[in-house]
Amino acid sequence: MERSQFAISEISRIVESNDATILHLNTTVHPETGMLTVSIHINKKEIASIVATFERYDYDVIYYFGNENFENEIHTNYRHLMNYLDI
């Protein structure tokens, strides 16, 4: 994100709207582009809804680590579809 667009209050509001809390927040500036990278550590392992909310507010989520129940559900549905098509 641009440095001028960084607002910790907005990031906190997005995280807290998904019933989570920020445990640690770190920012780094890319020296060549001047773009700001924000790293957030939160208190939940199921983060698909939080990632989706950030993407809905036009944040670029570069990397995330946590339980991916949403993607696991998609994978399960895909397997069921493939099994159905094999019949």
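Just so it is clear, the structure is predicted and the values come from calculations on it, not from any experiment.
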How long is the straight-line distance from CD1 of I8 back to CG of L25, given to the nearest 0.5 Å?
4.5 Å

Could you walk me through whether Y59 and I14 pass side-chain contact (heavy atoms from CB on, under 4.5 Å), step by step?
CA-CA 11 Å; Y59 284 88; I14 291 171; 3.7 Å; yes

Would you mind listing every ring pair (Phe, Tyr, Trp, His ring centres under 6.0 Å) that reaches into residues 14-36, with sequence neighbours excluded?
none

Those residues that, when tested against S17, pass side-chain hydrogen bond (donor to acceptor under 3.5 Å, both in side chains) (two or more places apart)
none

Carefully, step by step, assess F54 and I40 under the rule side-chain contact (heavy atoms from CB on, under 4.5 Å).
CA-CA 12 Å; F54 275 112; I40 304 170; 4.0 Å; yes

Just to verify, what does Y57 make a ring pair (Phe, Tyr, Trp, His ring centres under 6.0 Å) with, not counting sequence neighbours?
none

K44 side chain to I50 backbone, donor-acceptor under 3.5 Å
no

For Q5, all residues meeting side-chain contact (heavy atoms from CB on, under 4.5 Å), sequence neighbours excluded
M1, E2

In terms of heavy-atom contacts, does CD1 of I62 have more than 12 from other residues, nucleotides or ligands at under 6.0 Å?
no

Shortest non-hydrogen separation from I11 to I22 and the atoms involved:
CG2-CD1, 4.2 Å

Interatomic spacing from OG in S4 to CG in L36 - rounded to 0.5 Å:
10.0 Å

Check whether Y78 and L85 end up in the same hydrophobic cluster, where Ile, Leu, Val, Met, Phe, Trp and Tyr are linked by side-chain heavy atoms less than 4.5 Å apart.
yes

Mind checking what makes side-chain contact (heavy atoms from CB on, under 4.5 Å) contact with T28, not counting sequence neighbours?
N26, T37

Residue set satisfying side-chain contact (heavy atoms from CB on, under 4.5 Å) with R56, at least two apart, ordered chain then number -> T53

A20 and I42: which non-hydrogen atoms are nearest, and at how many Å?
CB-CD1, 4.5 Å

